[in-house]
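All chains are named by letter (A, B, ...) in the order of the sequence lines, taking the proteins before the strands, and each is independently numbered beginning at 1.
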Protein chains: 2
Amino acid sequence: MNTTQRYSRKREAILLALRGTTEHPSAETIYTWLKPAHPDLSLGTVYRNLSFFMENGDIISVGTVDGQERYDGNAAPHAHFICKNCGRVIDVDIPDILEARDKSVEDSAGVSVTGHAATFTGLCADCRQRETQ
Amino acid sequence: MNTTQRYSRKREAILLALRGTTEHPSAETIYTWLKPAHPDLSLGTVYRNLSFFMENGDIISVGTVDGQERYDGNAAPHAHFICKNCGRVIDVDIPDILEARDKSVEDSAGVSVTGHAATFTGLCADCRQRETQ
DNA sequence: TTCGTTGCAAACATTTTGCAGTTTC
DNA sequence: GAAACTGCAAAATGTTTGCAACGAA
C-alpha cells in the first residue's frame, strides 16, 4: 500500500503535456506528441502514468469518445462539450450549477456524492460549417 | 441509404429488456438476461441492435463504466449517479438544469448543442455501508 | 423471392500486465 | 542496493464485421 513516488522524466512530460493543452487528448495522442522528444517512450508507460495521475486526482477523465478514453489536465470541475461528429472536446465556461444539487442527490438516492460532471453534445463550429455548406 | 425495418423477435426482446429495467445494463448483461429465453441469441446481435436503437434515438448511452458501455432505455434527458466502487448506475430525479445552459454554450463556444447530460459520482448506499463498517 | 436479420467466429482496437533491464534515491 | 519505473511484447477485454443461413414481408 505504501509506495514512495520517484521522479521520472517521462512522467513529468506526460503531465506537462496534459497541463499545456486544452485538447483533452487520449493516451495514444499523448504518446504521439511525446514520442519525438522521447524516442524510447512506450504506450504502456503513458497508460500507467495516466492511471497514476487519476488516482492522485491530478487529472480527470472526460469519458470515452469514439472508443478512446480522453483526459483533462484540469482537475477542477468544469463542463465539456463533445462534438458528435469529430469527437473534439471543448471546455465550457459556465458556472458549476451541479454543485448545488449534490446534497439533494445524496438525500434522494441515499448515496454519497464526491463529484459531478456536465457534458453538452452536438456539432462543433467546424463540423457545423462542413455540414451546411 | 433507405432501408425498411423488419420485425424481429430478438430485437423486440432487447428493447423490452432495456425498457423494463432501471439497471442501465451493458451489452453483455442484456445478453445474459435474454440467453435463457433465447438460447440461440448471440452477443453480436445485442451489439447490432443497441447501435440500431441509439441511431433511432430510442435509447441513450450513459457512458463507459469500468470498460463497458452502459445503456438506458429511457431516452428522455435525465441525470445519473454512478458508483465509483461497484459501477452501479442510478437514475437521479432532479430538474433538467442544464437545458437552460444550452444556448449560452452555443454562443460562447460557437457550436450547436443537441443534447446534454448531468452525471454525479460517488459511493452508492451499499458500498458506503460496506466501507464504513 | 427479396433483402433485412442473425449466429458464428475471426478480426479489430484499446487497455492491461509480466518480466527483465534501467533509473532514482 | 532497494525499489520505483520503464520498454517490450503478449495477453486480456470489449466491440465490430464478413459470410452463409435464416426469417419476415
Check the phosphate of dT6(C) against Ser8(B), side-chain N and O only, distance under 4.0 Å to OP1 or OP2. Yes or no?
yes
Within less than 4.0 Å of OP1 or OP2 of dT23(C), is there a side-chain N or O belonging to Arg9(A)?
no
Distance, rounded to the nearest Å, where Ile30(B) contributes CD1 and dT15(D) contributes P
11 Å
Starting from P on dC25(C), measure out to OH on Tyr7(A) and report it in whole angstrom.
9 Å
Compute both the distance and the angle, then confirm whether Arg101(A) meets the cation-pi test with Phe120(B): under 6.0 Å from the six-membered ring centre, within 45 degrees of the axis.
no
Could you give the CG-to-P distance, from Leu41(A) to dT23(C), as a whole number of Å?
15 Å
Flag side-chain contact, heavy atom, 4.5 Å: Met54(B) against Ser51(B)
no
For dG7(C), does OP1 or OP2 lie under 4.0 Å from any side-chain N or O of Lys10(B)?
yes
For dG23(D), does either OP1 or OP2 sit under 4.0 Å from a side-chain N or O belonging to Arg6(B)?
no
Figure out the CG/P separation between Leu43(A) and dC8(D), and round it to whole Å.
11 Å
Test side chain to side chain contact (heavy atoms under 4.5 Å, CB included) on Leu98(A) and Val105(A); report intermediate values, then the result.
CA-CA 10 Å; Leu98(A) 292 183; Val105(A) 172; over 6 Å; no
Could you tell me whether the side chain of Leu18(A) reaches within less than 4.5 Å of the side chain of Pro25(A), counting heavy atoms only?
yes
Heavy-atom nearest nucleotide on DNA chain C taken for Arg11(B) and for Gly44(B); more 5' hit belongs to Arg11(B)
Spacing between Glu55(B) atom CD and dG4(C) atom P, to the nearest angstrom:
15 Å
Just how far, in rounded Å, is C1' of dT15(D) from CD of Gln68(A)?
14 Å
Residue-phosphate contact under 4.0 Å: Tyr47(A) side-chain N/O, dT16(C) OP1/OP2:
no
Polar side chain donor-acceptor pair, Ser26(A) to Thr29(A), under 3.5 angstrom
yes
Over how many whole Å does the gap from Asn56(B) atom CG to dT5(C) atom P extend?
10 Å
Short side-chain N/O contact from Ser42(B) to OP1 or OP2 of dG7(C), under 4.0 Å
yes
Want to settle it: does Gln5(B) or Glu69(B) sit nearer the 5' end of DNA chain D, counting the closest nucleotide to each?
Glu69(B)
For the side chain of Arg48(A) and the base of dC5(D), is some donor closer than 3.5 Å to an acceptor across the two?
no
Look at Thr4(A) and dA3(D) and indicate whether a side-chain polar atom (N or O) is within less than 4.0 Å of OP1 or OP2.
no
Looking only at the side chain of Glu28(B) (C-beta and beyond, no hydrogens), which of the listed nucleotides dT15(D), dT6(D), dG14(D) gets closest?
dG14(D)
Rounded off to whole Å, could you give me the CZ-to-P distance for the Phe52(B) and dT16(D) pair?
16 Å
